[in-house]
S.K.: 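Structure in structure tokens, see below.
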Amino acid sequence: HGALICGDRNLRGHDRDPRHSFHMGRPGILLGHRLGRLGQTSGCGMKFIHLTDTHVVGSGLLYGQDPAERLTEAVTSINAEHSDAEFVIVTGDMTHWGDADAYARFADEITKLQIPFHLMVGNHDDTRSLMQTFPDLPRDENGFVQQVIETPRGRFLLLDTKASEGHAGAYCDKRCD
């Protein structure tokens with residue numbers, strides 16, 4: 001449940017134009033986006049990778065599959081075929097249960113990326129466990145995992161919408177500061 005906003009576009013509601021996004025790997029795992037500023041001509045965009053819902057578990061399978069193995073495949077593909085991207089944004093549900101072992105396994109794979117990456121919490125993530133694994137993850141003065149990324153093509157807002165209870169997202173006044 002994070003919100004990723006680039007310029008004036010909310011990417012969860014992306015226009016689905018096939019010229020601007022592509023899918024690779026298994027459904028729900030990896031999307032890449034090429035974006036330019038509104039009003040610019042083609043060829044002026046930037047490429048970034050959107051990786052979401054990896055749901056890594058500490059050990060074993062989840063619904064008959066190994067999410068860490070799928071993450072390994074995605075990281076390998078990004079490094080081999082998309083090293084020209086500016087960065088990767090992982091939009092939450094990095095782990096399924098939010099436990100330390102799962103974050104350790106997630107970190108073992110995601111740190112193999114050869115381009116910068118940015119993490120956002122999802123409703124399956126546990127901020128405390130995440131911060132133990134990634135202590136340098138940017139947080140605001142209220143402890144929310146959110147940040148602004150300035151690029152030559154525009155501003156990315158990575159917003160923490162994880163509610164303290166339940167699976168619904170939230171964005172309280174403290175997060176707006």
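For the single chain, residues carry numbers from 1 onward in sequence order.
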S.K.: Does the side chain of Leu159 reach to within under 4.5 Å of the side chain of Phe144, using non-hydrogen atoms?
M.R.: no

S.K.: Roughly how far apart are Thr127 OG1 and Gln132 CD, rounded to 0.5 Å?
M.R.: 11.5 Å

S.K.: How many angstroms lie between atom CG of Asp84 and atom CZ of Phe48, to the nearest 0.5 angstrom?
M.R.: 13.5 Å

S.K.: Are any side-chain N or O atoms of Ser77 and backbone N or O atoms of Glu73, one a donor and one an acceptor, separated by less than 3.5 Å?
M.R.: no

S.K.: Answer yes or no: is there a side-chain heavy-atom contact under 4.5 Å between Ile110 and Leu51?
M.R.: yes

S.K.: Distance from His82 atom NE2 to Gln114 atom CD, nearest 0.5 Å?
M.R.: 13.0 Å

S.K.: Specify the closest pair of heavy atoms between Ser83 and Ile115, including all atoms of both residues, with the distance to one decimal.
M.R.: O-CG2, 3.6 Å

S.K.: Is the backbone of Val57 close enough, under 3.5 Å, to the side chain of Arg105 for a donor and an acceptor to pair up by distance?
M.R.: yes

S.K.: Can you name the nearest heavy-atom pair linking Ala102 to Val56, along with the distance?
M.R.: CB-O, 3.5 Å

S.K.: Counting only N and O atoms by type, is there a donor-acceptor contact under 3.5 Å from the side chain of Asp93 to the main-chain atoms of His124?
M.R.: yes

S.K.: Please round to the nearest 0.5 Å and tell me the distance separating atom NE2 of His118 and atom CG of Leu158.
M.R.: 7.0 Å

S.K.: Find the distance between NZ (Lys162) and CG (Asn123) and round it off to the nearest 0.5 Å.
M.R.: 6.5 Å

S.K.: Under a single-linkage definition using a 4.5 Å side-chain heavy-atom cutoff for Ile, Leu, Val, Met, Phe, Trp and Tyr, are Phe117 and Leu71 assigned to the same hydrophobic cluster?
M.R.: yes

S.K.: Donor-acceptor pair, distance only, cut-off 3.5 Å: does the side chain of Asp140 make one with the backbone of Asn142?
M.R.: yes

S.K.: So which atom in Ser129 and which in Gly98 form the shortest heavy-atom distance, rounded to 0.1 Å?
M.R.: OG-O, 3.2 Å

S.K.: Are Glu86 and Thr151 side-chain neighbours, meaning at least one heavy-atom pair lies under 4.5 Å?
M.R.: no

S.K.: Pairing donors with acceptors under 3.5 angstrom, does anything connect the side chains of Gln146 and Arg175?
M.R.: no

S.K.: Please enumerate all residues that pass side chain to side chain contact (heavy atoms under 4.5 Å, CB included) together with Leu137, with sequence neighbours excluded.
M.R.: Leu119, Leu130, Met131, Phe134, Val145

S.K.: Given side chains that start at C-beta, do those of Asn79 and Leu113 come closer than 4.5 Å, heavy atoms only?
M.R.: yes

S.K.: Counting C-beta onward and ignoring hydrogens, is there a side-chain heavy-atom pair between His96 and Tyr63 closer than 4.5 Å?
M.R.: yes

S.K.: Name all pairs fulfilling the salt bridge (charged side-chain N to carboxylate O under 4.0 Å, His left out) condition that reach into residues 111-139, sequence neighbours left out, sorted by first residue then second.
M.R.: Glu109-Lys112

S.K.: Starting at CZ of Phe87, measure out to NZ of Lys47 and round the result to the nearest 0.5 Å.
M.R.: 13.0 Å

